[in-house]
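Notes follow the structure.
Keep in mind that this is a model prediction, so the values were computed, not measured.
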Amino acid sequence: MNTLRRTACVPALRTAAVTAAVLASLGLAACSGGDKYKPASQVAAKVNKEEISVHQINYLLQRQPGLKPEQAESASKTALERLIDQELAVQKAEELKLDRDPRVVQAFDAARREILSRFYFEKVAEGVAKPTPEEVREYYRSKPALFSERRIYSLQEIAIQAPKEQVPELEQQLKSAKTPAEFVEQLKAKNIPFAVNQVTRAAEQLPLSMLDSFHALKDGQAMFVPSPSGAQVVVLQASRSAPVDEERARAAIEQYLMNERKRKLVEGELKDLRKSAQIEYVGKFADASGGAAQKTEVAPAAKQEAKPNSDADAISKGLSGLK
């Protein structure tokens with residue numbers, strides 16, 4: 001088994017270890033009489049006449065992906081206390097018949113719709129095939145700025161507040177300035193508000209759509225980027241080479257390609273659903289829909305399952321340990 005495969009197994013092993021630790025901390029793996037075992041109790045606590053199960057505790061723990069095995073006992077107790085507090089509140093709410101309140105009924109319905117749609121899109125995404133070694137290799141070769149020619153960038157970000165109509169003029173000023181420092185002095189002279197921030201970013205932490213532009217910059221050069229509040233000037237103060245070989249990048253690339261495939265599969269499914277459905281816009285929405293009604297937008301639940309990786313989230317996480 002190579003290093004990458006061992007690394008991939010860690011989350012599953014850790015989850016199993018955490019589950020075992022939780023069961024032990026709740027006394028669910030007790031034995032009696034040598035090798036004869038008692039069936040594990042599924043009840044962790046009773047609140048008045050209602051029971052809180054181990055499954056409820058495990059569900060909360062599963063939502064803490066960074067939980068370590070040695071933290072399981074403490075985390076399970078904390079989760080149980082949280083569930084007890086929640087159950088007490090639920091019982092009082094039901095006594096007051098808050099479950100019949102229109103706002104609560106509406107919240108229940110919204111939660112149900114969100115959960116069902118999310119799980120449906122997750123089910124759709126399950127059909128995605130794992131990228132082949134050739135596809136991973138091709139992606140690696142197609143993104144030298146991200147891998148073989150990867151760099152660590154020391155950047156100065158100048159966030160400028162300006163009306164939209166002034167942005168082209170600011171861009172021209174930057175082009176005509178001999179240095180970024182001269183451009184900053186021009187901003188001061190014209191009393192244009194701006195803020196300066198110093199950051200260090202690895203290639204995978206930059207917007208993937210702009211990475212090639214960053215890669216083309218030389219130390220001391222600047223990039224002009226319009227923004228909703230005006231513009232941002234990014235000055236490359238310094239950079240250093242930090243290449244990543246294909247072996248180390250493979251897991252991150254596989255995850256990124258999987259996420260992209262899931263996103264496209266979900267978008268395609270949603271388009272098909274819209275085509276086969278009868279959708280009628282009513283009232284003011286009929287007047288405002290126009291051509292926009294033909295545009296398919298990925299639902300929030302679908303985005304949560306297979307969101308676009310415009311910032312290379314999967315790659316950034318996969319390479320987070322590299323320097």
Side-chain angles (χ1 to χ4, degrees), residues 136-253 255-257 259-260 307-323:
V136 172
R137 189 173 299 112
E138 176 58 30
Y139 186 83
Y140 177 87
R141 292 174 178 173
S142 70
K143 302 290 182 183
L146 196 56
F147 302 114
S148 61
E149 298 175 15
R150 175 176 176 264
R151 291 155 67 190
I152 307 295
Y153 301 86
S154 295
L155 305 171
Q156 181 184 63
E157 299 175 340
I158 307 171
I160 306 169
Q161 295 184 20
K164 186 176 181 180
E165 57 271 16
Q166 193 177 7
V167 170
E169 179 184 344
L170 290 171
E171 184 174 12
Q172 189 57 43
Q173 286 179 3
L174 177 64
K175 290 179 180 179
S176 59
K178 295 180 180 179
T179 64
E182 180 180 312
F183 174 72
V184 170
E185 290 303 317
Q186 293 176 0
L187 294 178
K188 292 178 180 179
K190 295 183 178 181
N191 293 320
I192 298 175
F194 68 92
V196 179
N197 185 37
Q198 306 287 140
V199 297
T200 299
R201 296 275 189 269
E204 67 275 6
Q205 295 173 318
L206 298 171
L208 190 58
S209 60
M210 299 175 62
L211 181 55
D212 287 341
S213 297
F214 275 102
H215 189 66
L217 289 178
K218 296 180 180 180
D219 293 356
Q221 292 185 327
M223 180 189 302
F224 188 90
V225 184
S227 69
S229 60
Q232 185 178 51
V233 174
V234 183
V235 183
L236 176 58
Q237 295 183 312
S239 64
R240 62 182 176 86
S241 178
V244 178
D245 60 38
E246 185 179 340
E247 185 73 10
R248 289 192 294 170
R250 180 177 294 116
I253 294 174
Q255 187 60 58
Y256 174 77
L257 294 177
N259 288 349
E260 281 294 287
K307 63 181 180 179
N309 284 271
S310 57
D311 293 331
D313 293 339
I315 294 177
S316 180
K317 291 177 181 178
L319 302 182
S320 60
L322 302 177
K323 302 296 182 184

From I152 CD1 over to R201 CZ, what is the distance, rounded to the nearest 0.5 angstrom? 11.5 Å
Polar contact flag, side-chain donor to acceptor under 3.5 angstrom, S239-R151: yes
Please examine the side chains of L206 and L155, heavy atoms only from C-beta on, and report whether any two atoms are closer than 4.5 Å. yes
side-chain contact (heavy atoms from CB on, under 4.5 Å) between L146 and H215, worked out: CA-CA 9 Å; L146 196 56; H215 189 66; over 6 Å; no
Let me see the working for Q161 and I192 under side-chain contact (heavy atoms from CB on, under 4.5 Å), right down to the final yes or no. CA-CA 7 Å; Q161 295 184 20; I192 298 175; over 6 Å; no
Taking R141 first and then E246, would you say they form a salt bridge - that is, a charged N and a carboxylate O separated by under 4.0 Å? no
Distance-minimising heavy-atom pair for G220 and V235: O-CG1, 4.3 Å
Are any non-hydrogen side-chain atoms of P243 and E149 less than 4.5 angstrom apart? no
Specify whether Y139 and Y256 have parallel, tilted or perpendicular ring planes, treating 30° as the upper limit for parallel and 60° as the lower limit for perpendicular. tilted
SB check K143 E204 (cutoff 4.0 Å): no
As an exercise, state the distance from CG of D245 to CZ of R250, rounded to the nearest 0.5 Å. 9.0 Å
Could you walk me through whether Q255 and N259 pass side-chain contact (heavy atoms from CB on, under 4.5 Å), step by step? CA-CA 6 Å; Q255 187 60 58; N259 288 349; 3.0 Å; yes
Exercise: identify the closest heavy-atom pair between Q186 and A177: NE2-CB, 4.4 Å
Considering all heavy atoms of both residues, which atom of I253 and which atom of Y140 are nearest to each other, and what is their separation? CD1-CB, 3.8 Å
Quick check: does any side chain N or O of Q172 sit under 3.5 Å from a backbone N or O of E169, one acting as donor and the other as acceptor? no
Heavy-atom check, side chain of M223 versus side chain of L217, under 4.5 Å: yes
By salt bridge (charged side-chain N to carboxylate O under 4.0 Å, His left out), which residues pair with E165, not counting sequence neighbours? none
Using the test side chain to side chain donor-acceptor pair (under 3.5 Å), find all partners of Q198 that sit at least two apart in sequence or belong to another chain. Q156, Q237
Are V167 and F224 packed together at the side-chain level, in the sense that at least one heavy-atom pair is separated by less than 4.5 angstrom? yes
When every non-hydrogen atom of L211 is compared with those of A203, the smallest separation belongs to CD1-O, 3.7 Å
Which atom of L170 lies closest to which atom of F183, heavy atoms considered: O-CE1, 3.5 Å
Stepwise, does the side-chain contact (heavy atoms from CB on, under 4.5 Å) test hold for I158 with L187? CA-CA 11 Å; I158 307 171; L187 294 178; 4.3 Å; yes
For residues Y153 and L236, report the shortest heavy-atom separation together with the two atoms involved. CD2-CD1, 3.6 Å
